[in-house]
Asker: 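Here it is, the structure, as structure tokens.
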Amino acid sequence: MRGKFLKVAVAATATTMLATACSGGGNDSSDDAAGQAGGELRIYNAEPAFLLPSAGDDEPSLYVIRQLYSQLVKYNAETGAPENDLAESIESTDQKLWTIKVKSGYTFDNGEPVNADAFIRAWNFAAYSPNGQNNGYFMKKIAGFKDLQSTDPDGDGPKKAPEPKAKELSGLKKVDDLTFTVELDTPFSGFPTTIGYPGFSPMAKACVDDSEKCNETPIGNGRYKIEGSWQHNVGINLVRSDTYKGEPGKADKLTYRIFADVDAAYASFQSGELDVMYTLPPARYKEAKSQYGDRLFELAGDSLTYVGMPIYNDAFKKKEIRQALSLAIDRQSIIDAVFDGRQAPATGFIAPSFQGARENVCQYCKKDVEKAKALLAAAGGWPAGQKLTLWANAGAGHDQWLQAVGDQIKAALGIDYELKVNLQFAQYLETADAKKFTGPFRLGWGPDYPYLETFLAPLYSTGADSNNSTYANPEFDSLLTQGDGANSIDEAIPFYQKAEDLILEDLPVLPMWWRKEAAVYSENVDKFVWNKVSDADYGSISLKQN
Amino acid sequence: MSTDVNVKMDAIPGLDPNAMPLQVKDLHVEFRTRNGIAHAVNGVSFDLQPGETRAILGESGCGKSVTAQAIMGILDTPPGFVTGGEILYRGVDLLKLPEAQRRKVRANKIAMIFQDALSALNPVFTVGFQLGELFRKHRGMSRKDAKARSIELLDLVKIPAARQRVNEYPHQFSGGMRQRVMIAMALALDPEVLIADEPTTALDVTVQAQIMALLAELQRERNMSLVLITHDMGVVADVADRISVMYAGRVIEEAPVNDIYASPAHPYTKGLLESIPRLDLKGQELSAIKGLPPVLTNIPRGCAFNPRCRYAQDVCRHDPPVPLYQVSSARTAACHFWKEVKGDE
Amino acid sequence: MGRYVIRRLLQFIPTVLGTMFLLHYITSLAIQFSGNPVRAIFGDRTPPPALLAAVTERLGYGDPCLDQKGNPCFGLFLDRMQKIFSLNPDFGVNLRLRPVTELVSDALPYTLKLLVIAILFQSIVGIAAGVWAGLRSGSFADNLVKISTVFLISVPIFVLGLVVREFVGVKFGNVLRGQEWIPEVISRGVFSPGFKPDYPLASLIIPGMVLGAVSLATTARLTRTSIMENLRADYVRTARAKGLANKRVIGVHTLRNSLIPVITFIGVDIGSSMAGAVVTETIFNVPGIGRLVTLAARTGESSVVIGVVTMLVLVVLIANLLVDILYAVLDPRIRYE
Amino acid sequence: MSDLTSAGTAIGGAPVGGDGPAPETPETGGKDHNASLWADARRQLVRDPVFMLSFLYVLVVGSMAAFPSLWTSQDPRACSTDRSRIPPSGDHPFGFDILGCDYYSHAIYGARPSMIIAIMATGAMVLIGGGLGLLAGYYGGWVDTIISRVMDIFLSLPFLLGAIVFLTVIKRQNPYTIAMVLFLLTWPVIARIIRGSVISGKDLDYVQAARAVGAGNGRLMFRHILPNAIAPMLVYATIVLGAFVAAEATLTFLGVGLQPPAQSWGIMISVHQVYFLEDPWLLLFPCGLLVGTVLSFILMGDALRDALDPKFR
């Protein structure tokens with residue numbers, strides 16, 4: 001379960017963006033005529049990993065945390081544009097030092113004020129590695145992050161990791177009660193769009209002091225607060241918070257029912273026991289479409305599935321080989337057969353909904369057997385008798401489509417294949433980290449923040465953590481740096497697009513498809529709201545009132 | 001369950017207190033098995049006077065136990081079926097009684113002792129429970145009274161320390177003691193007829209004698225009629241008044257005990273007697289009967305014994321079966337050549 | 001009796017230790033050969049090594065013996081044993097840092113309820129069907145029971161579960177839910193397609209029945225053969241000869257003996273029922289032990305697997321011990337051995 | 001199905017309680033008796049239509065496993081996503097699966113792993129489990145103690161949980177490893193059956209007689225004691241063959257069994273179970289084959305038990 005968050009299409013420009021403006025509404029859901037308050041919304045959820053905002057980074061966690069905590073920025077449901085929420089203003093002149101002013105008067109459920117300290121405290125807590133918070137990862141652009149990480153002196157896993165050098169991020173400075181500054185390591189024009197991610201939520205002192213308890217019984221600052229505590233594997237009940245100063249949630253109660261199996265959940269939905277399901281079992285998609293019609297909500301998503309190329313392996317060094325393989329695959333046909341059409345074929349490296357994405361830029365992503373054969377021949381052919389090994393992790397259903405990919409390559413290029421699909425995810429990822437794949441490998445990527453850079457830098461820049469294909473191209477790296485340092489997003493985008501052009505030719509990975517979001521809701525739902533960035537926004541969904 | 005069973009018994013229509021306690025007429029029993037129909041009993045008849053002891057003698061598989069079970073009405077049905085004949089208790093045909101009334105006859109009027117007391121006693125209940133059950137269900141006694149009666153009964157059959165042993169389980173008793181428990185159980189309700197199916201076969205010789213003596217003593221005291229089923233001619237000689245010899249589901253000879261021992265009228269009876277080792281004939285070869293008893297699904301035509309018989313002639317090998325010849329006023333034999341057999345001695 | 005219990009208890013100890021060591025060794029091997037399960041938490045995103053190390057350490061996967069392939073890690077085993085057999089038993093934590101004891105205590109009540117329903121269903125219906133068939137050997141009833149039980153045993157439980165969920169829970173349930181006069185506890189509880197917190201017991205009835213189905217078939221078959229064997233037993237004949245009513249002959253003299261192996265089976269079967277819960281709980285979304293352990297095994301959370309399975313095995317072994325003692329109570333022949 | 005050990009219990013008749021009462025002693029002993037027992041059994045089985053039908057079914061499935069090309073000329077790995085989930089038709093009686101592979105040939109080739117797993121696991125179980133049971137029962141004393149405790153350890157692992165644990169650890173999920181795991185978790189059952197028979201057979205008169213005339217341990221075990229134990233073992237082994245076929249499918253459903261692109265009935269069922277409302281035939285065909293096989297083995301075991309058990313004559 002991979003984190004998926006913000007996917008802003010438009011991020012406001014310039015240095016003084018998001019100044020005040022339209023906090024507290026502006027979209028339809030705030031219009032009282034469109035949706036009345038009240039009722040209980042019964043929601044499908046999988047078991048969250050954590051309810052602590054510094055730790056929860058998977059869908060089920062985020063869908064709960066978003067209702068419990070508010071952040072500095074929120075995203076417009078329709079356009080995805082960031083709007084100030086708790087922030088009064090977010091400003092920078094050099095894209096490196098950001099000054100953030102927090103609105104006054106907001107409090108946590110336990111009465112503590114939401115102020116500059118609440119943010120500094122939360123971000124430090126997340127970044128300090130001995131705390132083992134998953135979302136510490138997102139703090140890594142802030143200056144001083146490395147000092148909060150314990151280093152491994154002998155490199156082979158000591159019995160006890162040494163204490164990190166510092167406990168607090170040097171880049172976070174409190175100016176006054178409601179103002180603080182954030183200094184980044186390098187300029188990053190997209191920073192303000194990132195901090196609407198729940199990992200950047202403020203945390204109460206009581207919560208940081210006893211984070212385990214806060215995980216079970218969250219102390220939030222959002223539209224809803226928890227009723228009782230987290231009933232593991234059974235459910236989570238939220239009620240509307242009376243103390244929340246912003247726009248209140250629609251439903252009186254949000255009841256999350258936890259399922260381990262999406263098929264079981266769908267059966268419950270069919271029996272009228274759920275009002276919203278944010279996902280569907282793939283095999284039931286057609287049925288749902290005919291049965292629920294307009295109560296099936298669909299939206300092109302931003303989770304990329306790709307087939308990585310082990311460039312470190314001699315057989316895959318030539319880009320013609322990679323291009324030939326890509327040309328042999330009929331993506332739409334696999335999507336129809338295996339996914340019932342619930343994916344959109346990838347025609348580029350950047351999610352179509354993102355600002356700066358271009359359609360049909362990938363000339364190697366359409367099936368063209370003749371061209372594929374020609375390219376393969378030009379590269380000197382495939383070594384005779386050698387099987388193409390296709391890798392995927394076990395138990396997640398990837399073997400199906402990977403087999404179809406293999407079948408198509410075999411049919412088009414005459415390269416026989418074998419599947420290596422028996423590694424558990426942990427071992428599979430270790431294999432990836434150790435660069436030990438012997439053939440194309442399945443992996444996925446979701447954006448870390450709603451900014452197109454997230455589809456480029458972490459995956460393909462030289463030596464990046466998730467650059468599993470070991471692609472290295474100095475030209476690509478320098479284009480990214482130029483984009484990061486640009487004065488505005490508009491100015492940055494052309495650099496990123498040029499960088500994308502490079503990998504579209506080199507194909508360090510073969511982009512396969514983007515997930516389509518599909519949600520169903522019951523007849524009880526009056527107005528269904530799906531946030532373009534943060535997906536299911538349960539607090540904004542209103543119920544029919546009888 | 002507080003009804004007095006005896007009162008009910010008198011209500012059985014046609015009950016004649018002066019009639020014989022037991023009379024079996026032309027009884028037929030067959031077993032319907034996967035391998036065909038086994039004719040286990042083919043026209044057995046005998047009667048029993050009050051206080052009389054009748055022995056039914058024969059090899060295993062000749063139908064004597066089946067006859068006993070048919071009388072008790074405890075045949076396993078299926079596969080066993082009574083297909084003909086009458087079983088009269090004091091003139092009433094038990095086979096025609098409804099099950100509820102027939103049940104009252106069991107143990108009350110006709111009781112039975114089984115061969116292997118270890119398997120015939122329920123292993124998971126105490127001896128006291130199994131004895132007391134009779135008094136509770138047939139006499140409507142309380143548990144406490146039933147237990148007291150059980151102890152008396154165990155005393156009666158000479159089980160030492162009855163008061164303690166009444167709470168023990170069958171497997172804690174020795175073979176002889178277990179058989180005494182069986183006898184106690186059979187006598188509990190003062191039956192008029194006792195059927196003992198090989199009561200001593202599973203026991204040591206010394207214990208056998210004790211048990212037979214006990215049985216004889218109890219029979220005398222209570223003037224019971226006894227049907228003693230056995231394959232052991234030695235046991236019979238001491239206690240029986242009359243003997244019915246069975247072979248392949250038929251009674252082939254019937255006579256007072258002394259007559260049979262003196263001069264058997266059927267070659268089979270003769271063979272049986274000759275197979276008893278006798279001290280006075282020391283040194284002579286034992287003449288056992290040759291061959292095996294017939295398979296009951298395939299009984300030979302004519303006289304069933306003919307393949308093993310040294311007197312057999314053509315007439316024995318064809319239907320109809322041999323009729324019962326009246327050997328003397330009190331005895332019959334089913335052999336065409338009974339005179340030769342008898343005179344041979 | 002006392003000696004018998006003591007002997008069984010003495011046998012119990014090495015079995016428990018042996019089983020736990022077996023599990024410990026298996027999970028250690030799993031880590032040694034397939035790597036650090038902590039890595040999976042981070043998914044596609046490669047974590048900074050420091051963060052990975054920190055989390056690994058916190059979860060107790062830092063022991064160096066876990067890097068040596070084939071090392072049985074006796075030291076780690078002793079540590080674990082000390083923690084488990086202390087006053088506050090410590091079975092470790094999961095990747096999300098929740099103690100296994102807590103995970104199990106959350107999940108156990110559901111599994112127990114499920115088991116009780118399954119066992120009740122299996123014993124009542126199974127024994128009734130078995131007795132019915134056994135008493136009428138060769139009849140229509142007998143053949144019906146014989147065929148349906150064999151069929152039940154042959155159908156994979158997950159197929160059965162899926163079919164029941166879709167047709168009984170969803171389709172038939174929706175019909176019921178459309179009827180106003182049917183009480184909600186029936187239409188929304190019993191015929192719900194899975195576990196529902198609003199009806200914590202009613203909604204477990206059908207999953208429990210599915211779980212008990214296979215054992216029900218086995219129970220029925222066992223009862224049937226046992227009854228048939230016992231009906232031929234000499235002591236049943238004796239009971240008839242005693243002039244007892246048929247009800248009593250069957251009810252007291254036959255049943256008591258026939259049920260001894262059945263009860264033993266049901267007891268021993270608790271273990272496999274718990275394992276069967278793995279499938280049933282997944283299909284019917286019951287937040288119990290089976291679901292817990294399947295998820296943990298899939299993500300390679302060995303601390304959870306070893307913790308939960310160890311606790312389960314303890315339960316199974318204790319159940320077996322109790323069954324043995326119960327067996328001795330039921331069958332006096334054992335007691336005085 | 002989910003509980004091999006208990007299925008055997010019920011079907012085998014006697015409880016497999018390790019320290020329960022020793023099973024009833026055979027009514028009579030001796031080789032003559034055995035010879036006629038087997039001859040009788042054979043005669044009875046040949047006349048039993050249920051047994052013969054089941055046997056025929058198993059032969060059919062066996063020939064699918066051994067010689068798939070007899071049954072189909074299609075290559076189950078010639079797939080094209082264009083033909084995904086096309087319903088059955090004349091040329092393709094089972095239609096196509098979601099990857100557009102011919103479903104009929106898939107089903108034929110799928111018989112092999114199921115049968116291989118079942119046969120290998122049962123074979124190992126009979127040989128090794130039976131051998132250990134024989135040793136434990138015959139020698140008694142500390143040999144018995146050790147073997148019995150090891151049996152307890154393996155039996156205390158509930159079957160499915162044990163299989164999940166073992167298979168997640170082993171990771172190489174091919175027919176051999178699955179067979180090994182099935183064997184590891186079930187051998188104690190057969191060992192107990194044999195141990196019980198041997199203990200009761202050891203004291204039979206003819207065994208004592210053979211011992212008295214100086215027969216060695218090996219001869220006593222194999223010529224005199226083992227033959228008596230073979231009947232219950234054979235019955236159990238037949239039934240367990242069916243149970244193992246089902247076990248493969250269940251393990252695959254739980255994600256710890258065989259992995260695609262291997263072909264097995266379990267894979268067919270677990271991959272297509274989600275489509276069973278939309279395209280029920282995708283589930284129906286493999287399920288039918290599987291249930292038929294399991295059913296056949298169980299019915300054969302039943303018939304064998306009836307034929308071999310003198311109590312049921």
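Residue numbering restarts at 1 for every chain, and letters A, B, ... go by the order of the sequence lines.
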Asker: Tell me whether C:F172 at atom CZ has more than 12 heavy atoms from other residues, nucleotides or ligands lying less than 6.0 Å away.
Answerer: no

Asker: Are side-chain heavy atoms of C:R165 and A:D263 found at a separation under 4.5 Å?
Answerer: yes

Asker: How long is the span from the CG atom in A:N233 to the CG atom in C:N285, to the nearest 0.5 Å?
Answerer: 9.0 Å

Asker: Which atoms of C:K196 come close to chain A, meaning under 4.5 Å heavy atom to heavy atom: side chain ones, backbone ones, both, or neither?
Answerer: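 Backbone plus side chain of C:K196, per the 4.5 Å heavy-atom cut-off to chain A.
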
Asker: Just give me the residue among A:A265, A:P458, A:A264 that pairs up with chain C most often, heavy atom to heavy atom, under 4.5 Å.
Answerer: A:A264

Asker: Out of curiosity, C:L292 CG to A:E47 CD, how far, rounded to the nearest 0.5 Å?
Answerer: 10.0 Å

Asker: Can you confirm whether more than 12 heavy atoms, excluding those of A:K435, are under 6.0 Å from its NZ atom?
Answerer: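 Correct, the count exceeds 12.
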
Asker: Is it true that atom CD of A:E523 has more than 12 heavy atoms of other residues, nucleotides or ligands lying nearer than 6.0 Å?
Answerer: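 Open: at most 12 neighbouring heavy atoms sit under 6.0 Å from CD of A:E523.
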
Asker: Would you mind checking which part of A:Q231 comes under 4.5 Å of any heavy atom in chain C, side chain (CB onward), backbone (N, CA, C, O), both or neither?
Answerer: neither

Asker: Measure the shortest side-chain to side-chain distance between C:P193 and A:Q270 over non-hydrogen atoms and say whether it is less than 4.5 angstrom.
Answerer: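 Sidechains of A:Q270 and C:P193: no contact.
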
Asker: Where does C:F195 contact chain A at under 4.5 Å (heavy atoms): side chain, backbone, both or neither?
Answerer: both

Asker: Between OH of A:Y266 and CD of C:E166, what distance do you get to the nearest 0.5 Å?
Answerer: 9.0 Å

Asker: Please report the shortest heavy-atom distance between C:R188 and A:S271, naming the atom on each side.
Answerer: NH1-O, 4.3 Å

Asker: Among A:A267, A:A464, A:G235, which has the most heavy-atom pairs under 4.5 Å with chain C?
Answerer: A:A267

